[in-house]
Amino acid sequence: MGSRKLMIGVTIMALLSTAILVSSTIECSAVTALVSTCYTFITYGSPDPFPGSPCCNAMANLKVIADTIENRRFACRCLLGLISTYNPNAYAIATLPDFCQVSLGFNIDPNTDCNL
């Protein structure tokens with residue numbers, strides 16, 4: 001029961017952060033908040049996220065807020081910054097879109113050029 005309340009709380013936080021971001025620009029703190037929903041997977045490698053899970057809902061929300069070329073480039077740069085933060089578990093961040101069946105419009109990889 002406690003873990004269900006936690007999951008509901010995290011989902012609500014992700015949705016609220018998305019609602020705040022309806023403006024034309026996004027902030028790295030918002031991207032970080034969404035990705036932090038996947039903290040357990042990023043840190044420990046399990047459980048795998050799946051569509052409909054709080055982690056994947058956050059990835060879907062990230063896709064929604066990265067709706068323009070500028071926002072997508074900015075989100076890309078933020079995610080690349082997170083890769084260095086979560087090193088050596090950066091590979092887990094890179095796999096999130098695939099697990100969640102979400103296309104962000106760019107690859108999460110240290111070699112990605114976010115300006116394309």
message = Would you say that N71 contacts I65 through its side chain, given a criterion of any heavy-atom pair below 4.5 Å between the two side chains?
response = no
* Answer whether the closest heavy-atom distance between the side chains of F74 and C28 falls below 4.5 Å. => yes
Heavy-atom distance under 4.5 Å between the side chains of C56 and V102, does that happen here? no
Rounded to the nearest 0.5 angstrom, the OG1-CG distance for T95 and D48 is 8.0 Å
Exactly one of T40, I42, L34 clears side-chain contact (heavy atoms from CB on, under 4.5 Å) with C38, and that residue is I42
So CD1 of I83 and SG of C78: to nearest 0.5 Å the spacing works out to 12.0 Å
* Considering only heavy atoms from C-beta outward, does the side chain of L62 approach that of L79 to under 4.5 Å? -> yes
Between P97 and A94 the two heavy atoms that sit nearest each other are CD-O, 3.6 Å
* Can you check whether C76 and C114 have SGs under 2.5 Å apart? -> yes
Can you hop from F99 to Y39 via hydrophobic side chains spaced under 4.5 Å? yes
**Q.** Any side-chain heavy-atom pair of I108 and L96 under 4.5 Å
**A.** no
Value for CD (E27) from OG1 (T32), rounded to nearest 0.5 Å, stands at 10.5 Å
Minimal heavy-atom distance between P51 and C100, with the atoms involved, is CG-O, 3.9 Å
*Does the T112 side chain pair with the main chain of N107, one donor and one acceptor, at a distance under 3.5 Å?*
yes
Requested in this report: Is it possible for you to say whether I93 and Y91 belong to one hydrophobic cluster, with membership spreading through side-chain heavy-atom contacts below 4.5 Å?
Outcome: no
query: Can you find a heavy atom in the side chain of D67 that is under 4.5 Å from one in the side chain of R72?
result: no
All heavy atoms of R77 vs all of N115, minimum pair found to be NH1-OD1, 3.4 Å
